[in-house]
Each structure stands twice: as C-alpha cells, then as structure tokens.
Amino acid sequence: MEKSISAADANRKFSQLLREVRDGRSYVVTSHGRPVARIAPVTEGRNSKAKAALLAHLKARPVRRSPIGRWKRDELYD
C-alpha cells in the first residue's frame, strides 16, 4: 500500500524514506496536496528473463583462444 508524504517531509526525512522503500514500502510525494511523484522499490524488469537466457547461452559456449595470442594494451591504441 502506498503512503502519502509531502515533498517537504520527504526532503527532511529522505534517508529514512529510502530505508523504508528498500524494505518494500511505496510513497506518493505530494506538493500542495497534489501527487507529483511516486517513490517505490526497484523490481526486476521485463529484461531479466532475456538477460538470464543470454547469460545461460554464453556460459554454455566454449571459450575460444585467440590464434594471435595475448594483446598488450599499447597495441590496442596503435
């Protein structure tokens, strides 16, 4: 459930507000009684499945060694 907090209170208690958001609470920030922002915990986005699939695919692939050998830092900038 979202709790309402004024912008002035959010500013004064910002550290405490962030701790509570980290613990799962959401806030609607109001200015002059009107909602202007929402502060909510970050959740894994829709890309998390794609990212997991890509990482699984890459882990399954064999590591290839370069036929040229190891690169030196200075050679990259020539």
Side-chain angles (χ1 to χ4, degrees):
M1 181 175 159
E2 292 181 337
K3 186 176 178 182
S4 183
I5 188 169
S6 71
D9 283 343
N11 191 32
R12 279 191 291 270
K13 302 175 183 178
F14 193 66
S15 295
Q16 177 186 350
L17 185 73
L18 288 180
R19 283 191 295 274
E20 291 178 14
V21 169
R22 181 186 61 208
D23 294 338
R25 179 171 275 165
S26 298
Y27 287 91
V28 173
V29 181
T30 60
S31 178
H32 302 287
R34 296 179 129 162
V36 294
R38 176 174 288 122
I39 300 176
V42 173
T43 57
E44 288 295 323
R46 60 182 174 208
N47 293 332
S48 62
K49 287 183 181 180
K51 182 180 176 182
L54 175 61
L55 290 175
H57 174 75
L58 291 174
K59 286 179 183 177
R61 307 278 301 168
V63 176
R64 293 188 179 180
R65 302 289 177 206
S66 171
I68 300 171
R70 294 190 65 129
W71 291 78
K72 294 181 182 171
R73 182 182 175 107
D74 293 338
E75 294 173 337
L76 295 174
Y77 296 102
D78 284 344

### Message
For a quick test of reading the model, state the closest non-hydrogen atom pair linking S4 to T30 and the distance between them.
### Response
OG-CG2, 3.4 Å
### Minimum heavy-atom distance A7-V29, with the two atoms named
CA-CG1, 3.7 Å
### Query
Quick one: side-chain contact (heavy atoms from CB on, under 4.5 Å) partners of N11, sequence neighbours excluded?
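N11: no side-chain contact (heavy atoms from CB on, under 4.5 Å) contacts found.
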### Query
Listed by chain and number, what are the side-chain contact (heavy atoms from CB on, under 4.5 Å) partners of P41, not counting sequence neighbours?
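With sequence neighbours excluded, P41 shows a side-chain contact (heavy atoms from CB on, under 4.5 Å) to V21, S26, given in chain and number order.
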Donor-acceptor pairs under 3.5 Å, side chain of residues 51-61 to any protein atom, not counting sequence neighbours: which ones?
none

### Partners meeting side-chain hydrogen bond (donor to acceptor under 3.5 Å, both in side chains) with R34 (sequence neighbours left out)
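With sequence neighbours excluded, R34 shows a side-chain hydrogen bond (donor to acceptor under 3.5 Å, both in side chains) to no residue whatsoever.
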### Query
Can V36 be reached from F14 by stepping across I, L, V, M, F, W or Y side chains whose heavy atoms are under 4.5 Å apart?
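Yes; V36 is reachable from F14 via cluster members.
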### Query
Quick one: salt bridge (charged side-chain N to carboxylate O under 4.0 Å, His left out) partners of R12, sequence neighbours excluded?
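Testing R12 for salt bridge (charged side-chain N to carboxylate O under 4.0 Å, His left out), a comparison that skips the adjacent residues, returns D9.
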### Task
Could I get the full list of salt bridge (charged side-chain N to carboxylate O under 4.0 Å, His left out) partners for R22, not counting sequence neighbours?
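None.
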### Message
What's the separation between atom CD1 in I5 and atom CD in Q16, rounded to the nearest 0.5 Å?
### Response
8.0 Å
